[in-house]
There are 2 protein chains.
Amino acid sequence: MSSRSEPRRSTSGSTRGPHGDHRDRCVAVVPLFAGLSPAERHEVARSAHQRTLPRLTVLYPQGSDDPPLTIVHRGRVKLVRISPAGHEQMLRVLGPGDVVGETAFLTSSPADHVATTLEETEVCELHRSDARRLLERFPSVSNRLLVELARRLESTERHLSRLTSQDTRQRIVAHLLEVADGRTEFRLPTTKRDLASLVGTTPETLSRQLAALQDRGWIRLGPRGAVKLVDAAALAEL
Amino acid sequence: MSSRSEPRRSTSGSTRGPHGDHRDRCVAVVPLFAGLSPAERHEVARSAHQRTLPRLTVLYPQGSDDPPLTIVHRGRVKLVRISPAGHEQMLRVLGPGDVVGETAFLTSSPADHVATTLEETEVCELHRSDARRLLERFPSVSNRLLVELARRLESTERHLSRLTSQDTRQRIVAHLLEVADGRTEFRLPTTKRDLASLVGTTPETLSRQLAALQDRGWIRLGPRGAVKLVDAAALAEL
DNA sequence: CGACTCGTTGAGCAAGGTCAAAGTACGTGG
DNA sequence: CCACGTACTTTGACCTTGCTCAACGAGTCG
């Protein structure tokens with residue numbers, strides 16, 4: 001969930017703490033491990049693998065049996081599910097502090113999605129057995145993960161309800177307001193193609209709806225996916 | 001998740017163990033507490049409230065701030081979300097052993113759905129503070145809940161993907177096969193009206209699609225929501 | 001027996017998906 | 001730095017799916 005309100009600390013990489021392994025950084029930033037002491041975090045960091053990946057790299061493919069528990073440290077990652085018929089459905093975009101891959105190791109099922117970087121990205125990976133050990137040893141991590149899963153479940157159910165109870169325009173507007181998160185100007189995190197699949201429509205329909213919203217003066221579209229909300233109140237009414 | 005494979009023990013109510021409080025039964029049956037010793041279960045049972053509810057009773061309304069953690073012991077409960085516009089969307093049906101209300105106390109948000117009994121039902125309720133204490137005290141409960149949430153998240157995401165990548169007929173068939181769970185004859189757990197909202201369509205469309213499936217000889221519909229799968233293999237092909 | 005809710009069937013219509021083509025932004029390599 | 005190729009985006013025209021409105025039949029509870 002990128003929309004969480006905790007601040008995203010900038011990655012001023014060179015500071016090294018008392019236990020100064022470079023992997024510590026990765027663990028220190030993450031809310032999931034916020035309840036641990038520095039020494040405990042260091043212990044976690046020992047079994048974590050850090051990777052820096054270029055733009056548009058696949059972290060792991062859909063169907064891989066043993067996807068690691070992955071924590072995004074810097075950059076953005078998109079999660080996409082590909083249906084048997086070949087339809088691409090975007091699930092969500094991860095930002096710094098977000099976690100993916102918990103369900104796979106908790107239920108021992110293979111990854112049901114592809115994870116791809118949208119820009120240069122740094123991640124921390126924990127393999128299944130290490131992650132399991134972690135949860136047993138540190139109840140605070142387990143509890144935070146519980147809360148995280150509950151939040152995500154709520155958000156996914158909300159998403160699902162929208163899909164059946166609102167029409168395309170309403171879903172698009174709801175999504176814009178969610179991404180805006182109070183701001184009046186912002187940039188879409190993905191291509192419009194992906195945005196369309198996220199809200200459950202086609203690029204063509206999305207394009208037409210956005211144009212219509214602009215014609216009526218509710219929004220203003222700029223280059224590079226820039227969006228300006230002219231009348232957020234009116235949008236919220238729909 | 002009613003489709004889990006753990007057996008549903010019948011409620012032969014009169015056996016009372018060494019700690020024979022009648023509330024023990026309620027706790028003993030539930031997978032969530034399977035990792036606890038009898039003494040520990042007894043402790044849990046002390047803070048649990050048992051209720052027996054007639055058919056079509058509301059457990060708690062949508063929007064209530066402090067819905068209890070509820071465990072179904074006997075009977076069936078349907079979860080429905082009502083959109084601001086008044087649209088009813090059915091989320092899922094709970095059977096014995098299923099839990100609801102964890103997200104509300106984990107995220108401290110109000111209930112986003114109504115829970116209603118479909119038949120006479122016995123439930124166990126734990127209030128927010130008691131449930132919190134429980135998770136702190138018994139890591140095994142916390143871990144089981146974690147797995148339960150992960151399963152549900154997977155299932156909800158699968159449901160969501162279907163909604164965008166499959167047409168109405170495919171969703172209906174997928175749902176029938178899921179409810180069938182290997183059997184060739186079974187009874188629908190809810191009214192067709194609710195089933196329609198669950199798969200994201202209207203009763204009219206559902207009715208037509210089922211009739212079409214019957215015409216082509218894939219299924220046979222009986223009274224009282226009875227369904228017989230004549231050619232499950234062919235159905236799975238769609 | 002009557003009122004009510006549920007389920008089915010019919011006819012019409014509109015939202016939005018599909019196909020096609022032209023325009024535009026962006027990263028790459030020379 | 002510019003030119004090119006690829007992928008993304010937009011617009012147009014068309015057509016299908018499935019929703020809506022309406023009426024009727026059937027089962028159920030009082």
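Chain letters run A, B, ... following the sequence lines, proteins first and then strands; every chain starts at 1. Side chains are part of it too, since the values below use all heavy atoms of this structure and drop only hydrogens, waters and symmetry mates.
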Measuring from the side chain of A/Thr205 (C-beta onward, heavy atoms only), which nucleotide among D/dT20, D/dG18, C/dG17 has the closest atom? C/dG17
In whole Å, I'd like the distance from the CG atom of B/Leu56 to the C1' atom of C/dC4. 14 Å
Going by side chain to side chain donor-acceptor pair (under 3.5 Å), name the residues that satisfy it together with B/Arg51, two or more places apart in sequence or in a different chain. B/Glu125
Between A/Arg224 and B/Pro203, whichever has its closest DNA chain C nucleotide further toward 5' is B/Pro203
Protein-nucleotide distance (B/Leu206, atom CG; C/dT8, atom P), rounded to Å: 8 Å
Rounded distance in Å - CG (B/Leu210) to C1' (C/dT9): 14 Å
Assess whether a salt bridge exists between B/Glu120 and B/Arg74, defined as any Lys/Arg side-chain N lying under 4.0 Å from an Asp/Glu carboxylate O. yes
By nearest atom, which of the nucleotides D/dT11, C/dG17, D/dC21 is closest to the A/Ser207 side chain? D/dT11
Between A/Pro223 and A/Gln209, just flag the one whose closest nucleotide in DNA chain C comes earlier from the 5' side. A/Gln209
Separation of D/dC8 atom P from A/Leu118 atom CG, nearest Å, is 12 Å
For B/Leu195 versus B/Thr190, what's the shortest heavy-atom pair and its separation? N-OG1, 3.7 Å
Atom CZ of B/Arg55 with >12 non-hydrogen neighbours under 6.0 angstrom: no
Hey, are B/Gln89 and A/Thr164 close enough side-chain-wise for a donor-acceptor pair under 3.5 Å? yes
Under 4.0 Å from OP1 or OP2 of D/dA7: is there any side-chain N or O of A/Thr191 that close? no
For A/Arg193, which contact category applies under a 4.0 Å heavy-atom criterion: base, sugar-phosphate, or nothing? base
Given C/dG16, is OP1 or OP2 found less than 4.0 Å from the side-chain N or O atoms of A/Thr168? yes
Tell me whether the side-chain N or O atoms of B/Arg171 pair up with the base of D/dT17 as donor and acceptor below 3.5 Å, since no angle test is needed here. no
D/dT17 P sits how many Å from B/Ile172 CD1, rounded? 14 Å
So which atom in A/Leu177 and which in A/Ala236 form the shortest heavy-atom distance, rounded to 0.1 Å? CD1-CA, 3.9 Å
Measure from the side chain of A/Lys192, starting at C-beta and using heavy atoms only, and say which of C/dG7, D/dT9, D/dC19 lies closest. D/dT9
Can a donor-acceptor pair be found, under 3.5 Å and without considering hydrogens, that links the side chain of B/Ser161 to the backbone of B/Glu157? yes
Check the pair B/Leu118, B/Val77 against side-chain contact (heavy atoms from CB on, under 4.5 Å), reporting the backbone distance first and the verdict last. CA-CA 5 Å; B/Leu118 290 171; B/Val77 175; over 6 Å; no
Candidates D/dT20, D/dT9, C/dG7 - which lies nearest the side chain of B/Thr202: D/dT20
Measure from the side-chain heavy atoms of B/Asp167 and tell me the nearest of D/dT20, C/dG7, D/dG18. D/dG18
For atom CG of B/Leu221 and atom C1' of D/dA26, their distance in whole Å: 15 Å
Using the C1' atoms of the five pairs at each end, what is the angle between the end axes of the helix from C/dC1-D/dG30 to C/dG30-D/dC1, to 10°? 50°
Under-3.5 Å donor-acceptor pair between A/Arg208 side chain and C/dT18 base: yes
From CE of A/Met90 over to P of D/dC8, roughly how many Å is that when rounded to an integer? 13 Å
Closest nucleotide among C/dC6, C/dG16, D/dG12 to the A/Glu204 side chain: D/dG12
With DNA chain D as reference, determine whether B/Arg55 or B/Arg169 sits nearer its 5' end, using the nearest nucleotide of each. B/Arg169
Quickly work out the A/Leu195 CG to D/dT9 C1' distance and round it to whole Å. 13 Å
